[in-house]
Amino acid sequence: MAESRASILQLDLGGSTVIPADAQLIAIDMQRVFRDPDSVWCCTGFDAALRNIERLATAVSTPPIFTRFVRDPAEVGTWREYYDRWPTTRLPPDNPAWELEIGSLTASDTLDAPTFSKWGNELARLPITTPLILTGVATDCCVLGTALGAIDAGRKVIVVTDACAGGTDDAHIKALELLGLLDPLITLVTTDELLAQ
């Protein structure tokens, strides 16, 4: 695991960036179901990502937007097959597993969706010039999906590599490598690089 974490830091991030004054921090799906070590969806590095999200939240001018992945009980289409694969996550929307786990932060704005991508009407209402700073879990699923939706809509996306966590370290690294191919639509940066500016 230490080797995997080290290789994350060795990714070529293409330099650092400055936190734009109007940037919006988005913390994707920082929920109990992704933190609990007994959960089939536990994300390696959740707590480390949370510490960096807390640091970033003090450096942006607007409160973070938090998202939550919450199962749709209707399980429309192939979602039924998906939950057949993960039956222990077939939980009602009010189950505590879906609650946010955000440490010292306060969620004043929360966006719920039963989909991996959190890009939709709510985030699209942000000004077109507002850069989106994406953090959270899982890098290889909901962070990736949200980033792709946002850049398709012409938005500037900054993914903070060590403020995200994947289902595994390997999945996290591979997702970052994929996102890195989309420069300059997506900028990869570490927390320290962003805050140093």
Side-chain angles (χ1 to χ4, degrees), residues 1 4-5 8 24-60 62-76 78-120 122-123 132-150 159-176 179 191:
M1 186 179 293
S4 296
R5 291 250 177 253
I8 292 169
Q24 178 63 60
L25 178 62
I26 301 171
I28 299 170
D29 302 353
M30 297 297 288
Q31 295 166 257
R32 186 171 299 168
V33 70
F34 302 116
R35 185 183 199 183
D36 181 356
D38 294 327
S39 169
V40 294
W41 285 348
C42 182
C43 289
T44 304
F46 184 105
D47 288 340
L50 177 56
R51 286 191 294 274
N52 286 322
I53 294 169
E54 289 174 306
R55 291 173 63 203
L56 291 164
T58 65
V60 294
T62 57
I65 293 174
F66 293 92
T67 73
R68 292 191 318 151
F69 177 83
V70 181
R71 171 183 163 264
D72 177 1
E75 295 183 0
V76 177
T78 54
W79 282 106
R80 182 168 306 283
E81 295 171 45
Y82 183 76
Y83 286 104
D84 284 345
R85 179 181 176 192
W86 308 105
T88 59
T89 63
R90 198 170 245 142
L91 303 167
D94 61 351
N95 190 282
W98 305 122
E99 290 177 6
L100 290 173
E101 293 274 333
I102 54 174
S104 65
L105 300 174
T106 301
S108 58
D109 197 358
T110 304
L111 175 109
D112 291 354
T115 54
F116 296 145
S117 174
K118 300 309 179 293
W119 181 258
E122 294 87 351
L123 293 180
L132 307 179
I133 301 175
L134 300 189
T135 64
V137 299
T139 320
D140 46 303
C141 187
C142 297
V143 174
L144 177 66
T146 303
L148 293 176
V159 175
V160 187
T161 60
D162 57 356
C164 295
T168 65
D169 282 338
D170 187 52
H172 173 68
I173 293 165
K174 286 177 178 171
L176 291 177
L179 289 164
T191 303

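Residue indices begin at 1 and follow the sequence shown.
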With rounding to the nearest 0.5 angstrom, report the CZ to SG distance, Arg35 to Cys43.
12.0 Å
Arg32: salt bridge (charged side-chain N to carboxylate O under 4.0 Å, His left out) partners, not counting sequence neighbours
Glu99, Glu101
Under the ring pair (Phe, Tyr, Trp, His ring centres under 6.0 Å) rule, collect the residues that match up with Phe34, sequence neighbours excluded.
Trp41
Please give me the minimum heavy-atom distance between Trp98 and Leu91, naming the atom from each residue.
NE1-O, 3.6 Å
Ring pair (Phe, Tyr, Trp, His ring centres under 6.0 Å) against Phe116, all qualifying residues, sequence neighbours excluded
Phe69, Trp79, Tyr82
Sub-4.5 Å side-chain heavy-atom contact between Gln24 and Val60:
no
Decide, yes or no, whether a salt bridge links Asp170 with Lys174 under the criterion of side-chain N to carboxylate O below 4.0 Å.
yes
State, to 0.1 Å, how close Cys164 and Val159 come at their nearest heavy-atom pair, and which atoms those are.
SG-CG1, 4.0 Å
One should read off an interatomic distance between Leu123 CG and Ser117 OG, to the nearest 0.5 angstrom, of 8.5 Å
Any side-chain heavy atom of Pro73 within less than 4.5 Å of one from Pro93?
yes
Taken in chain and number order and not counting sequence neighbours, the residues that satisfy salt bridge (charged side-chain N to carboxylate O under 4.0 Å, His left out) with Asp36 are none
Would you say the side chain of Ile53 lies within less than 4.5 Å of the side chain of Pro64, judging by non-hydrogen atoms?
no
How would you list, by chain and number, every residue that makes a salt bridge (charged side-chain N to carboxylate O under 4.0 Å, His left out) with Asp140, sequence neighbours excluded?
none
First locate atom CD1 of Ile173, then atom OG1 of Thr168, and finally report the distance between them rounded to the nearest 0.5 Å.
8.0 Å
Heavy-atom pair of closest approach, residues Thr135 and Leu56
CG2-CD1, 3.9 Å
Does Asn52 reach the side chain of Val160, with side-chain heavy atoms less than 4.5 Å apart?
no
The reported gap from OG1 in Thr146 to CD1 in Ile28 (rounded to nearest 0.5 angstrom) is 4.0 Å
Going by atom types only, do Asp169 and Thr44 share a side-chain donor-acceptor pair under 3.5 Å?
no
Residue set satisfying salt bridge (charged side-chain N to carboxylate O under 4.0 Å, His left out) with Asp84, at least two apart, ordered chain then number -> Arg90
Backbone N/O of Asp162 and side chain of His172: donor-acceptor pair under 3.5 Å:
no
Determine, stepwise, if the pair Glu122 / Lys118 fulfils salt bridge (charged side-chain N to carboxylate O under 4.0 Å, His left out).
CA-CA 9 Å; Glu122 294 87 351; Lys118 300 309 179 293; over 6 Å; no
As a test of understanding, state which of Asp94, Asp29, Asp112 forms a salt bridge (Lys or Arg N to Asp or Glu O under 4.0 Å) with Arg68.
Asp112
As an exercise, state the distance from CD1 of Ile102 to OG1 of Thr110, rounded to the nearest 0.5 Å.
7.0 Å
Closest non-hydrogen atom pair between Ala138 and Gly167, with its separation:
CB-N, 4.1 Å
Considering non-hydrogen atoms only, spot the tightest contact between Ala150 and Leu132 and give its length.
CB-CD1, 3.9 Å
When rounded to the nearest 0.5 angstrom, what is the spacing between OG1 in Thr139 and CG in Leu176?
5.5 Å
Met30 and Leu50: CA distance, side-chain angles, deciding distance, side-chain contact (heavy atoms from CB on, under 4.5 Å) verdict:
CA-CA 8 Å; Met30 297 297 288; Leu50 177 56; 3.8 Å; yes
